[in-house]
Amino acid sequence: MLVKIAKDRIRKGMFVESVACPSREFARRRFLIKSDAELAAIRATSAQEVSINIQLGLDAEGRAPQADKGRHPLDPAQVAAARSDVSQSAKALRTSLNGLVEGGALDMDNLSQAADENASLWSDSTVVALEVTRLKSKDETTYVHSLAVSGMMTLLARSLEMAEDTVRILGVAGMLHDIGKLLIPNEILTKPGKLTDEERHVIRNHPEGGYRLLQTYPELPQVVLDICRLHHEALDGSGYPLGLKQKELSLPVRLSTVCDVFEALTSVRPYKRPWTSTQALDWMFARPQFFDRKLVIRLGSVLADAPQT
């Protein structure tokens, strides 16, 4: 959650989202204040207010951040370290996905290793990973979202006792599931206002566009292609692009849909505040026409029992 405070109230341990400088003389954003020099630099600006993220750092009263209600306070240093890991992974994923969009070679070993490393973060520090990936700048949304979906898919697959080879493939699928969004012009993909009907059609075409792109790489398992194409389908046939119903949607596809929607609901976006995990899970559970209820319950159980460190 973002909170605006007067710049003279900032202190070390707060996570700065932005400094409201009319002249934009302070361009740095999204960092944890660690030194007196950083405090002095902010206070020396023309800004009157600073936006801080109280989920990733101290709040306006100097209290440690918490995840959802009932969680223990998160360690700001651990959050900062995880944020750094996620940022580096997002940059690497950007390079990999853009390479595929441009027709480059697919390095399956590299993607698998990246999925394994991402899965380790989610397995070892699930709560921190969830909190860190809820916040994304508009230029990293697709990549961090894909990392988060990939991590949650591996957690959920392991909880279902799927084979490790399958878990790894699902981790790769999560990283690739939204590659079709990279085919959409940025002015549409990151548009803050209401989309036109034509723009909405372009957005809704991303699963099919991504699927056709990934089809050109025969080394990819079919389940990766299916998840890319079908993660916006719904159990009652109201989804897209094919309008398939539950019996036509495999367990991996249904699993990907639950993780994809949960991540979207709990993330900060320009047009909405993030929902808590409980709010998102309750909303999804109340819509069995769209989501596999057993998987929604299982995801909730996985997150409830998840390690913080």
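- Looking at heavy atoms from C-beta onward, W122 lies out of side-chain contact with V128 at the 4.5 angstrom threshold.
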Query raised in the report: Which is it for K12 and L39 under the side chain to side chain contact (heavy atoms under 4.5 Å, CB included) test, yes or no, and what are the steps along the way?
Result: CA-CA 7 Å; K12 285 185 284 187; L39 285 174; 3.9 Å; yes
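- One finds the CG atom of L147 at 11.0 Å from the OG1 atom of T142 (value rounded to the nearest 0.5 Å).
- Here the CG atom belonging to L213 is positioned 10.0 Å from the CG atom belonging to L225, to the nearest 0.5 angstrom.
- I188 forms part of a hydrophobic cluster together with I184, L189, L195, V202, I203, judged by ILVMFWY side-chain heavy-atom separations under 4.5 Å.
- In this structure S84 satisfies the side chain to side chain contact (heavy atoms under 4.5 Å, CB included) test with no other residue, sequence neighbours excluded.
- L130 has its side chain within reach of S277: a pair of non-hydrogen atoms, C-beta onward, lies under 4.5 Å apart.
- Note: L176 CG to L111 CG = 5.5 Å, rounded to the nearest 0.5 Å.
- F285 is listed as a side-chain neighbour of I297, based on a closest heavy-atom distance under 4.5 Å.
- For the pair F262 and L156, the minimum side-chain heavy-atom distance is 4.5 Å or more.
- Between E198 and R204 no salt bridge is recorded (no basic side-chain N to carboxylate O distance below 4.0 Å).
- Of all heavy-atom pairs spanning G171 and A115, the tightest one is C-CB, 3.8 Å.
- Taking the side-chain hydrogen bond (donor to acceptor under 3.5 Å, both in side chains) definition, one finds that Q222 meets it with D226, sequence neighbours left out.
- Screening residues 166-185 for ring pair (Phe, Tyr, Trp, His ring centres under 6.0 Å) gives H145-H177, H177-H231 as the qualifying pairs, with residues at least two apart or on separate chains.
- Taking CZ of R229 as the reference point, atom CG of L244 lies at 8.5 Å (rounded to 0.5 Å).
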Query - salt bridge (Lys or Arg N to Asp or Glu O under 4.0 Å) evaluation trace for R168 with D116 - result: CA-CA 7 Å; R168 174 175 284 190; D116 287 346; 2.4 Å; yes
Let me check something: any side-chain donor-acceptor pairs from residues 101-109 under 3.5 Å, sequence neighbours excluded? List them with distances.
{"residue": "D107", "atom": "OD1", "partner": "D109", "partner atom": "N", "Å": "3.3"}
{"residue": "D107", "atom": "OD1", "partner": "N110", "partner atom": "N", "Å": "2.9"}

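- Across every non-hydrogen atom of P252 and L170, the tightest pair is CB-CD2, 3.8 Å.
- Listed by chain and number, the residues in a side-chain hydrogen bond (donor to acceptor under 3.5 Å, both in side chains) with E219 amount to none (sequence neighbours excluded).
- Side-chain contact between L32 and V79: absent, with no pair of heavy atoms (C-beta onward) separated by less than 4.5 Å.
- Taking 4.5 Å as the limit, some side-chain heavy atom of M162 sits within range of a side-chain heavy atom of L251.
- Atom CD1 of I52 is separated from atom CZ of F15 by 11.0 Å, given to the nearest 0.5 angstrom.
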Report task. Report the C-alpha distance between Y143 and T95 in whole Å, list the side-chain angles of each, state the deciding distance to 0.1 Å, and finish with yes or no for side chain to side chain contact (heavy atoms under 4.5 Å, CB included). Result -> CA-CA 10 Å; Y143 310 102; T95 298; over 6 Å; no
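- Side-chain atoms of E233 come within 3.5 Å of backbone atoms of L242 as a donor-acceptor pair (strictly under, hydrogens ignored).
- Looking only at side-chain heavy atoms (C-beta outward), L160 and L295 come within less than 4.5 Å of each other.
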Report task. Test side chain to side chain contact (heavy atoms under 4.5 Å, CB included) on M152 and E263 and set out the steps. Result -> CA-CA 9 Å; M152 279 188 277; E263 205 288 326; 3.5 Å; yes
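- The shortest heavy-atom contact between E208 and P241 is OE1-CG, 3.6 Å.
- For K7 (side chain) and A47 (main-chain N/O), a donor-acceptor pair under 3.5 Å exists by modelled atom type.
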Report task. Determine, stepwise, if the pair E199 / K194 fulfils salt bridge (Lys or Arg N to Asp or Glu O under 4.0 Å). Result -> CA-CA 9 Å; E199 290 169 339; K194 186 177 180 180; over 6 Å; no
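- Looking only at side-chain heavy atoms (C-beta outward), L183 and H206 stay at 4.5 Å or farther from each other.
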Query - From CA spacing to verdict: side chain to side chain contact (heavy atoms under 4.5 Å, CB included), I227, M153 - result: CA-CA 11 Å; I227 286 172; M153 285 177 63; 3.8 Å; yes
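- Contacts classified as side chain to side chain donor-acceptor pair (under 3.5 Å) and involving residues 245-258 (residues at least two apart or in different chains) are given here: R254-D292.
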Query raised in the report: Run the salt bridge (Lys or Arg N to Asp or Glu O under 4.0 Å) check on E164 and R158 step by step: do they pass?
Result: CA-CA 8 Å; E164 275 302 306; R158 283 200 177 106; 3.0 Å; yes
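- Residues F291 and V258 share a closest heavy-atom pair of CB-CG2, 4.4 Å.
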Requested in this report: Take R28 and E38, measure what salt bridge (Lys or Arg N to Asp or Glu O under 4.0 Å) needs, and give me the verdict at the end.
Outcome: CA-CA 10 Å; R28 191 179 177 193; E38 290 171 326; 2.9 Å; yes
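- Residue pairs satisfying the salt bridge (charged side-chain N to carboxylate O under 4.0 Å, His left out) criterion with at least one member in residues 178-188, sequence neighbours excluded, are listed as follows: D178-K181.
- Other residues, nucleotides and ligands contribute more than 12 heavy atoms inside 6.0 Å of the CZ atom of R293.
- Looking at residues two or more places apart in sequence or on another chain, you find a side-chain hydrogen bond (donor to acceptor under 3.5 Å, both in side chains) between E117 and Q113.
- Among residues two or more places apart in sequence or in another chain, the ring-ring contact (aromatic ring centres under 6.0 Å, His included) test is passed with Y240 by H232.
- Applying the ring pair (Phe, Tyr, Trp, His ring centres under 6.0 Å) definition to pairs two or more places apart or across chains, none involves residues 153-175.
- Among pairs with a residue in residues 31-51, none fulfils ring pair (Phe, Tyr, Trp, His ring centres under 6.0 Å), at least two apart in sequence or across chains.
- The OG atom of S123 sits 11.0 Å away from the CG atom of N118 when rounded to the nearest 0.5 Å.
- A donor-acceptor contact closer than 3.5 angstrom is absent between the side chains of S89 and R94.
- Taking every heavy atom of both residues into account, L93 and S146 meet most closely at CD2-CB, 4.0 Å.
- Scanning both residues, I10 and R43, for their nearest heavy atoms gives O-NH2, 2.7 Å.
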